[in-house]
Amino acid sequence: MEYKFQAEVKQVLDIVINSLYTDKEIFVRELVSNASDASEKERFSKLSSGATSEELNIKITTDEKAGTFSIEDAGIGMTSKELIENLGTIAHSGSKAFVNALKENKGNLTDGLIGQFGVGFYSVFMVADKVDVYTKSENGEGLHWACDGSENFTIEDFNKSERGTKIVATLKPDYKEFASKDRIKAILSRYSSFVEFPILVDGEKLETKQAIWLKSKSELTKEQYEDFYKFFTHSYTNPLDYLHFKTDAPLEMNALIYVPSENPELMGFGKSESQVALYCKKVLIDPSPKNLFPEWMRFAKGLIDSSDIPLNISRESMQDSGLTMKLGKVVLKKFIKHLLDVAKKDADKYTEFFKKFGHFIKEGSATDFENRKDLSKLLRFQSSLFADGSYVSLEDYVSRMKDSQKSIYYAVGIDRNAIEASPYIEAFTARGIEVLYMYDGIDTFLMGNLINFEEKNFESVDSANVKLDDIPQEQKNALPSEKVETLKTWIKETLGSDKVKEIVSQGRLIDSPVAVLNTDSITPQMRAMLKAMNPDAPLPKPVVNFEINPSSDVIKNLDNLRNSSPELAKLVLEQLFDNAMLSAGLLESTTAMSKRLNEILAKIKA
Ligand code: ADP
Ligand code: MG
């Protein structure tokens with residue numbers, strides 16, 4: 001008997017046949033997913049009626065000679081009423097939304113918009129010019145539905161003995177590739193390796209993996225999580241950590257997120273790409289969706305399976321749909337909370353994670369405003385308090401801050417030795433103030449963006465803004481204050497105001513004779529970066545204060561030398577200044593320094 005498609009179906013068919021997806025191969029996953037759904041329903045009805053269900057295979061056959069692709073399941077099948085309803089009208093949600101959008105836009109749908117809606121079964125018409133559906137429900141008669149993509153379809157009786165549905169697609173001349181076993185196997189292994197039911201292609205059973213992410217945590221062993229990770233990421237090593245959870249609201253999803261064992265970016269490979277895939281009921285929607293997570297999460301691997309994703313949505317439109325972002329947000333919050341938990345419960349494990357992946361946390365703290373507060377709790381730094389290089393958190397630091405201390409102090413350098421050899425740390429150590437050590441290129445960027453933590457500002461130890469309390473005990477044998485003042489005037493005149501802004505003797509230095517304090521908004525690290533980026537562009541001269549230590553023998557000697565041998569004193573002062581600039585990372589060239597040193601040495605009389 002001949003039937004007319006509902007007008008809307010005809011519309012959908014026309015669009016599907018003419019444009020819709022560029023990925024023609026997705027019809028395979030649509031048909032497999034329908035076969036899987038039908039098998040799932042059959043299994044459920046058997047199970048709920050107390051019967052045991054036999055193994056429900058999905059059989060795919062390819063026939064290159066005839067140019068056909070067939071798929072057969074032993075699922076619930078369809079009655080003739082169901083055939084008309086399911087394959088002749090727009091009854092299911094994906095296509096319905098599609099048709100509604102079509103109406104709203106008076107038939108003018110741009111390609112991008114079209115892709116936002118699933119058209120499921122009809123996608124087979126992208127590659128087939130004739131489709132035959134043979135079906136039989138448990139207690140119904142065998143039926144044959146047929147359509148050549150026109151506005152009509154036929155339903156005839158058909159002698160079918162087994163329950164289930166067989167779909168035969170006679171491929172268009174341009175798409176005969178889908179009658180190739182290898183091509184189909186490749187498509188299946190990409191999209192359907194986690195389908196619950198065994199899939200046979202021309203009698204050969206495909207290797208399928210169980211969808212472990214849909215099981216409950218208590219059913220799974222660590223080993224199963226690890227095996228799946230290795231399978232999923234094609235890796236030989238076990239993951240460092242994983243998070244598996246299920247939510248029902250605001251979105252239904254199962255998520256399994258892994259932290260890999262290694263960070264390829266640390267090993268000199270290029271920027272990682274996020275590999276957290278999106279699935280809808282075990283069917284792969286997108287292996288690496290953009291907009292799922294912020295950039296800094298690019299180290300994570302795993303998947304999110306949500307039945308709220310329209311199954312047959314195109315990747316491009318999934319990315320635009322906002323749903324990806326919503327899913328990502330929920331998962332990200334949980335993941336960050338998980339890391340906070342690990343940090344609290346297993347500090348060693350967290351430190352191991354941070355050593356490998358800390359720079360992503362830093363990047364996130366600097367750039368991800370929405371999660372900054374929690375991410376900054378996940379930061380770890382070495383500190384002046386622990387010579388063994390233990391990591392401390394900002395919360396630890398703040399809890400140890402002195403009442404009078406306003407800021408969180410940090411020092412930047414290439415390593416611990418370099419930082420501790422500079423003249424800056426001693427003032428803090430002498431006052432019992434902790435300083436965080438930063439060796440990482442991204443640290444200054446982080447400090448510049450983070451600005452504060454629990455309302456405490458970050459302040460670099462070399463900043464002229466740093467005001468420290470006086471040290472309780474008297475500085476011994478210091479140069480008397482009148483002498484200090486005249487010395488300071490002489491230094492200012494001798495160095496010149498283009499080199500220094502102010503000469504100070506605030507008592508910050510303990511052992512070192514001098515230090516320069518940065519008064520610039522440009523940090524020394526930013527300077528180095530700007531210079532590396534554009535070596536020829538001249539940078540404004542650094543603006544610094546010069547601090548002298550009146551208790552230091554060097555300064556006392558300098559004051560004497562100024563009277564006895566003014567010329568030598570000038571050279572020594574310039575040398576001290578360049579030395580301090582060098583320590584601060586602000587000296588542009590050391591040529592003048594070595595030349596001057598020779599001059600000084602020549603003036604020394606035995
Ligand atoms: P969706 O799967 O999103 O519902 P489809 O266009 O893929 O939409 O399928 C339309 C309907 O046709 C399905 O909901 C189902 O009722 C029916 N159907 C499709 N394939 C099969 C099958 N192999 N066995 C039984 N019913 C099927
Ligand atoms: Mg479907």
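Along the sequence shown, residues carry numbers from 1. Start at 1 and go down the list; that is how both ligands and their atoms are numbered.
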Legend entry - Residues K59, E72: salt bridge by 4.0 Å N-O rule: no

Legend entry - ligand 1-proximal atoms of D73, by part, heavy-atom distance under 4.0 Å: side chain

Inset, instruction - Select one of side chain, backbone, both or neither to describe which atoms of E30 lie under 4.0 Å from any atom of ligand 1, heavy atoms only. - result: neither

Inset, instruction - Decide whether H244 and N254 meet the rule of one side-chain donor and one side-chain acceptor closer than 3.5 Å. - result: no

Legend entry - Centroid-centroid under 6.0 Å between Y225 and Y258 rings: no

Inset, instruction - Go through the structure and list residues passing salt bridge (charged side-chain N to carboxylate O under 4.0 Å, His left out) with R372, not counting sequence neighbours. - result: none

Inset, instruction - May I ask you to check whether Y122 has an N/O atom sitting below 3.5 Å from an N/O atom of ligand 1? - result: no

Legend entry - ligand 1 to I76 polar contact by distance, N or O atoms, under 3.5 Å: no

Inset, instruction - Have a look at I58, L83, N86, T165 and point out the one with the heavy atom closest to atom 16 (O) of ligand 1. - result: N86

Inset, instruction - May I ask you to say whether K10 pairs ionically with D14, meaning some side-chain N is under 4.0 Å from a carboxylate O? - result: yes

Inset, instruction - Report the part of L87 in contact with ligand 1, treating N, CA, C, O as backbone and CB onward as side chain, heavy atoms under 4.0 Å; options are side chain, backbone, both, neither. - result: side chain

Inset, instruction - State whether N34 contributes an N/O/S atom found under 2.8 Å from the Mg ion (ligand 2). - result: yes

Inset, instruction - Inspect the contact between D374 and K377 and indicate whether a charged nitrogen and a carboxylate oxygen are less than 4.0 angstrom apart. - result: yes

Legend entry - Check ion pair E177-R183 (N to O, under 4.0 angstrom): yes

Legend entry - Backbone or side-chain N or O of K41 under 3.5 Å from ligand 1 N or O: no

Inset, instruction - Could you tell me whether some N/O pair between N34 and ligand 1 is separated by less than 3.5 angstrom? - result: yes

